[in-house]
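What you are looking at is a predicted structure, and each value in this text was computed from that prediction instead of being measured. Every chain is numbered from 1, with letters handed out A, B, ... down the list of sequences.
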2 protein chains.
Amino acid sequence: MGITKTGLFSDRQNKLARMAKIMAHPARIAILDYIIKAQRCICNDLVVELGLAQPTVSQHLKELKSAGLINGAIEGTSVCYSLNTENWKLYKETFLNFFVDAASLRQVC
Amino acid sequence: MGITKTGLFSDRQNKLARMAKIMAHPARIAILDYIIKAQRCICNDLVVELGLAQPTVSQHLKELKSAGLINGAIEGTSVCYSLNTENWKLYKETFLNFFVDAASLRQVC
DNA sequence: TCGCTACATCGTAATATAATAATATAACGA
DNA sequence: TCGTTATATTATTATATTACGATGTAGCGA
């Protein structure tokens, strides 16, 4: 993506951007949608549901997991993925705080 | 970035991902932070504030503008950038809706 | 008109992402 | 043990993003 000059920005700004980046792909949104609806899923469910190849889905799951948004628990030959509710709240609050800041703004130009 | 298979996902999912992508860079978060605080700014304010080159800032402003998050009004030799409050609300609600969906979820595995 | 200021655009290098085929790993049932 | 199922990892291709120098454009004051 080119070199993002992380050093120029605050921790908060970098963190918020990183959080947004996790959600910046429709496949990851679709995965989260599915998990929210079904409460849990295995990788193959998503392969069928999304129509993406298995390695692609696996890669997206890995990103969501390393971002802390989902948990993966091994269950025999499959992995049970579910929402990490604690971090989910954190994400929610972080975005909320950002958008709330401008609640009282008026259009200037 | 590789080819995102947009066709596999719903309009809502694609839209949400697109919105997230706009916010997925700390420079753009910093620009929005600045505009929220100062109500308005010109490109050069941000060049000084952020420490990025003028073309880089200009490019980020262009993306924020084409996403509808900010307005730009020509004022003599400069351009007055300010928040597009209507679309800001839209963003806020869109993210809210997404996160609210999972409010009552319990950790499953 | 000249020069300055403020931006935008173009071109390009460096780097990150998305997607997948091929392959590896790991559990389980026959 | 062998085959099957489920997933992860690796390597690679195609494409997008970030950043900036160089350059173009446009308004404005002297």
Item to complete: Taking only heavy atoms on the protein side, list every residue of residues 54-66 of chain A lying under 4.0 Å from any atom of DNA chain C, sorted numerically.
Response: A:P55, A:T56, A:Q59, A:H60, A:E63
Discussion item. Under 4.0 Å, heavy atom to any atom of DNA chain C: which of residues 41-49 of chain A qualify?
Written reply: none
Item to complete: Kindly state each residue pair satisfying salt bridge (charged side-chain N to carboxylate O under 4.0 Å, His left out) with at least one member in residues 66-84 of chain A, sequence neighbours excluded.
Response: A:R40-A:E75
Return the set of residues passing side chain to side chain contact (heavy atoms under 4.5 Å, CB included) with [X] (not counting sequence neighbours), or none when no residue passes.
X: A:K5; answer: A:L8, B:L52
X: B:N71; answer: A:Q107, B:S82, B:N84
X: A:T77; answer: none
X: A:Q39; answer: B:L105, B:V108

Discussion item. Any residue in residues 75-84 of chain B with a heavy atom nearer than 4.0 angstrom to DNA chain D? Just list them by number, or reply none.
Written reply: B:G76, B:T77
Discussion item. Minimum heavy-atom separation for A:H25 and A:A27, please, with both atom names.
Written reply: ND1-N, 2.9 Å
Worksheet item: What heavy-atom pair brings B:P26 and A:F9 nearest, and what distance separates the two atoms?
Response: CB-CD1, 3.5 Å
Interatomic distance, [X] [atom1] vs [N] [atom2] [rounded to whole Å]:
X: A:L52; N: C:dA19; atom1: CG; atom2: P; answer: 6 Å
X: B:N14; N: C:dA18; atom1: CG; atom2: C1'; answer: 14 Å
X: A:H25; N: D:dT17; atom1: NE2; atom2: C1'; answer: 14 Å
X: A:L50; N: C:dT20; atom1: CG; atom2: P; answer: 11 Å
X: A:I3; N: C:dT15; atom1: CD1; atom2: P; answer: 5 Å
X: B:R40; N: C:dA6; atom1: CZ; atom2: C1'; answer: 13 Å
X: B:I70; N: C:dC7; atom1: CD1; atom2: P; answer: 12 Å
X: A:M23; N: C:dT17; atom1: CE; atom2: C1'; answer: 18 Å

Fill in: Contact under 4.0 Å: B:K21 side-chain N or O vs C:dT17 OP1/OP2
no
Fill in: ring pair (Phe, Tyr, Trp, His ring centres under 6.0 Å) contacts touching residues 67-87 of chain A (sequence neighbours left out)
none
Compile the donor-acceptor pairs under 3.5 Å between side chains in residues 53-60 of chain A and protein atoms, sequence neighbours left out, one pair per line.
unit_1	atom_1	unit_2	atom_2	d
A:H60	ND1	A:R28	NH1	3.1

Worksheet item: When we call it a touch if two heavy atoms are under 4.0 Å apart, what does B:I74 touch: a base, just sugar-phosphate, or nothing?
Response: nothing
Item to complete: Give every residue pair that meets the side chain to side chain donor-acceptor pair (under 3.5 Å) criterion with at least one member in residues 13-23 of chain B, sequence neighbours excluded.
Response: A:D33-B:Q13, B:S10-B:Q13
Discussion item. With disulfide bond (SG atoms under 2.5 Å apart) as the rule and sequence neighbours excluded, what pairs involving residues 22-67 of chain B come up?
Written reply: none
